[in-house]
Amino acid sequence: MRTEVVLNGSSAPSANYIGWSPRPATIRLSDATGANGPVVVTLRNQRTNVGGQVVFSTSTQTPGATLQLPLPVNGSPVDFFVAGKFRSASETDRDAVIEVVDGAGAVLSQTSLMVRVRKDVTTLTAAERDLFIDTLARFNASGMGKFADVRAMHVSAALDESHGSGPPPPQFPNAPAFRDAFLPWHRAYLLDLERALQAIEPAVALHYWRFDKSAPQLFSPDFLGEPRTGSSVRFSSTNPLRNWKVDSQVGFQRDPRFNHLTSGASNANGPVLTEAQTFKLGTTYRAFVRMEGQPHGRAHTCFDGPINNPATAPRDPLFFLLHCNVDRLWAQWQFLNRLWNPTVAGTYTFLGKDGDPGATRVGHNLLDTMWPWNGIHASPRPTTPPPSTSAGPGMLPSSIAGAPRAQPTVEEMLDYQGQTRPGVWQGFDYDDVMF
Amino acid sequence: MNSEEYREQIRRQIEQEAGDQESKGFWAGSDDPEQLLRTVRDTTRPAEERIAALEMLQQLSFSAAAFAELRPAFIETLRAIVDDPDERLRAMVLESLAQEKDEYAQRRLLAGLAGEENRLVTDERAIQFLGYDIHGEHFPLMRRLALDAPDPGTRREAVKVLSSDTESADLLLDIYGNKSEVDEVRRASASALLSVDPVRFEERAKETVVDDDDAESVRAASLTALTYYGNPSVLANDKEFVERVARVKTGIPDLFAEGTSPEEDSEKGALAKAVRVFQAQYGVR
């Protein structure tokens, strides 16, 4: 007797990645030899103290470490849900194993999968660190890879698409203001990059730099490089990022304005807001998005080097780990305040689309599509698309998640876990943000 | 713990940890951009205060909807103080201008590098700043610095800038192969050569990797670059090279003992790791 477990609607190995969000799964008797009627099986973690752990549920049962299901003898599939057990993520590819046993304890199948989440860089194993930098380096391909597209999305001519929340200063009362898509746009930006990395190495995830805490491991020759005062970042001889090339330049400078070995980020104006202080910015989106300035802008400006200017910041790979933390803060704030559904007050600001009464700049209203994934390259959108979008716009698809659509709206980036739309998951989770 | 319990746990932490909304640093003034610009420009104020104001302006550039409108005044202010006596402020100002691809700053940086006027920042930094917007006419000077600058940091940064100059391939190849040059300049040359002439890089890198007389850190960097950026089919089919890489092990057998974890900052350890990664990539054990 054998069983077959299918995750995320596909029996392909590339589908065997989950996070904290419950994912659809099926189980069936693939070989019913010896069965005379429905066979009751138990799903469980093969190893309960090693590797990623999962929990099981059905539409009527709450998540648990085991699940009993009766399987029809005719081989019809039975639905259930599987999710990563919170705080028990994988460390290596497919180190989680769903084991199915019958009533006598005989093993009927084993299905390997990965509980893949974005993690605090200070918690990564050496293998996780190396996988991340290796994949990033391959994507950059010493300046010849597709990273050039990612970099081209965050240039001077495109910043109006992704920055500029808050009111106009008094001396510029007519200046464009309340461009609130800072957070949704960067969520899409990170996801697009992460999917590109996963196309190279499925087990990789983006990880985040908690800029309000010290992270000496991150600023080391074997990770994102060791700062040298007045000089370019030093990488170890075996760090593939030593060949990192962006904008025709090999290497980059990143000189901290703080003690990067002992403290979180700060500059002459003080430290970045702590996580707790950031959450206290407010319980409405318009209040919370002020984090674009502090801690986000403050974190950028705690260094000399390209990262302290929005037009040059993506030259430094730290940019993406910094922004991953910005997105995590938003995700945790959404969780704390249950703000995923835009019809709930405070989840977002303007709920209409460009041109509606009260709308702000195109690209920043809830129903607007976002550049460059929408393929619109006519003013007022940036007119210079990233190189690859000339061959066809759209966000990279995922083998495990059907959302967002290739040309996402601001709205689609809000509920990344499918909290209010069950099953609509975007393929990522954070180690400390629960479903 | 269910989601509601977790939510409550985080809320309790927030209340315990939030404290004051913002710790004030040196800059205690307003976020009014015009006041910040006046402060940055005011040479009667302490340099620390002006630096804090400049950092605040940099922060505003990430979020202020009106920063684009402020940019002309921002540039004008910075241009006015590129000769400021405070070294730290001067470097910050020049970097900000270089990031904006400001021609005036580029001209002043080049003049300092060429010895036509006093240096505003170290040569190493001047090259980095020019790297924000390198032009073809900069390359002859960069080639000269890559060869002749007395400071290795300057030579290294010049070599990096040449990573966008295909006409410098011969020079980069020479520096890469020059065993009397310091290792970090040679490693930078290898990276730059990889960019401008991958074929010749691959040839030289193979020679370097198997040269037992060469510096281990240069060999490690060469093998790492080959592993990640070399032509996979060419490398996989180059049995002689794969075998010679395997023989690199025999020179330092203690580093390959079961369970050892080479110190990556040690040159020999770095080479051991590079060999291991190469062999994993190309299916050799």
Side-chain angles (χ1 to χ4, degrees), chain A residues 134 137-138 141-143 163-166 168-169 171-172 175-179 221-222 230-232 236-240 242-243 245 248-251 253 257 266-271 273-274 276-277 279-280 292-294 296-298 300-301 304 306 308-312 332 335-336 434-435, chain B residues 3 6-7 10-11 13-14 17-19 21-27 32-34 48 51-52 55-56 58-59 61-66 69 92 95-96 99 122 124-125 128 131-132 134 153 157 160-161 163-164 187-188 191-192 194-195 217 220-221 224-225 228-229 264-265 270 273-274 277:
Chain A
D134 289 4
R138 289 182 198 281
S142 192
H163 291 264
S165 60
Q171 67 271 39
F172 299 117
F178 296 118
R179 296 170 180 164
D222 295 321
S231 190
S232 53
S236 63
S237 297
T238 53
N239 189 329
R242 63 177 299 106
N243 297 296
K245 186 177 180 185
S248 303
Q249 292 297 298
V250 169
Q253 188 193 5
R257 297 169 175 171
S266 67
N267 64 21
N269 295 298
L273 289 185
T274 66
Q277 289 168 336
F279 294 145
K280 294 279 273 186
E292 185 182 2
Q294 178 44 321
H296 158 257
R298 178 67 55 86
H300 271 283
T301 56
D304 292 340
N308 71 29
N309 182 302
T312 58
Q332 193 72 289
F335 173 80
L336 282 169
M434 191 181 260
F435 178 79
Chain B
S3 59
Y6 185 57
R7 203 172 267 119
I10 297 174
R11 284 187 180 131
Q13 287 173 356
I14 292 170
E17 297 172 11
Q21 190 58 272
E22 182 164 5
S23 306
K24 284 292 181 188
F26 197 93
W27 176 253
D32 173 359
E34 291 190 338
E48 292 83 357
I51 287 170
E55 289 180 350
M56 188 58 78
Q58 289 176 331
Q59 180 176 316
S61 75
F62 280 89
S63 59
E69 315 223 0
M92 289 176 66
E95 176 163 59
S96 287
Q99 289 169 336
T122 64
E124 192 175 343
R125 280 208 153 161
Q128 289 164 6
Y132 281 110
I134 200 73
E157 295 308 316
K160 286 183 174 180
V161 162
S163 64
S164 55
R187 292 197 301 261
S191 295
L194 170 65
S195 286
S217 74
T224 299
Y228 285 91
Y229 311 114
E264 288 156 356
D265 277 353
K273 181 181 179 187
V277 173

* To do: Could you pull out the closest heavy-atom pair between Arg11(B) and Leu336(A), with the gap in Å?
  => NH2-O, 2.6 Å

* What is the minimum heavy-atom distance between Arg298(A) and Asn269(A), and which atoms define it? -> NH1-O, 3.2 Å

* Structure fact -> Honestly, the part of Glu55(B) sitting under 4.5 Å from a heavy atom of chain A is both

* Would you mind checking which part of Phe335(A) comes under 4.5 Å of any heavy atom in chain B, side chain (CB onward), backbone (N, CA, C, O), both or neither? => both

* Which atoms of Gln253(A) come close to chain B, meaning under 4.5 Å heavy atom to heavy atom: side chain ones, backbone ones, both, or neither? -> side chain

* What pair of heavy atoms forms the shortest contact from Gln59(B) to Gly297(A), and how long is it? -> CG-C, 3.7 Å

* Structure fact -> Note: vs chain B, highest number of non-hydrogen pairs under 4.5 angstrom among Gly293(A), Ser232(A), Gly251(A) is Ser232(A)

* Structure fact -> One option among Pro240(A), Ser142(A), Ala141(A) has the most heavy-atom pairs under 4.5 Å with chain B, and it is Pro240(A)

* Asked: Salt bridge check: are Arg125(B) and Asp304(A) linked by an N-O gap of less than 4.0 Å?
  -> yes

* Heavy-atom distance under 4.5 Å to chain B: side chain of Thr312(A), backbone, both or neither? -> side chain

* Structure fact -> Under 4.5 Å to a heavy atom of chain B? For Ala311(A) that would be neither

* Would you tell me whether Thr301(A) and Asn308(A) have side-chain atoms, one donor and one acceptor, within less than 3.5 Å of each other? => no

* To do: Identify which one of Gln294(A), His296(A), Glu292(A), Arg179(A) satisfies the side-chain contact (heavy atoms from CB on, under 4.5 Å) criterion when paired with Ser63(B).
  => Glu292(A)

* With side chains defined as the heavy atoms from C-beta onward, is the minimum distance between Thr238(A) and Val277(B) less than 4.5 Å? -> no

* **Gln128(B) versus chain A, the contacting section by heavy-atom distance below 4.5 Å** => side chain

* Could you look at Tyr229(B) and say if it's the side chain, the backbone, both or neither that has a heavy atom under 4.5 Å from chain A? => side chain

* **Arg242(A): partners by salt bridge (Lys or Arg N to Asp or Glu O under 4.0 Å), with sequence neighbours left out** => none

* Structure fact -> Turns out that what part of Thr224(B) lies under 4.5 Å from chain A's heavy atoms comes down to side chain

* Pick one of side chain, backbone, both or neither for Glu95(B), based on which atoms fall under 4.5 Å of a heavy atom in chain A. => side chain

* Leading residue by heavy atom contact count with chain A [cutoff under 4.5 Å; candidates Glu124(B), Lys160(B), Glu17(B), Gln99(B)] -> Gln99(B)

* Mind checking the OG-NZ spacing from Ser164(B) to Lys245(A)? Nearest 0.5 Å is all I need. => 6.0 Å

* To do: Between chain A and each of Gly153(B), Ser195(B), Ala274(B), Ala225(B), count heavy-atom pairs under 4.5 Å; write down the option with the most.
  => Ser195(B)

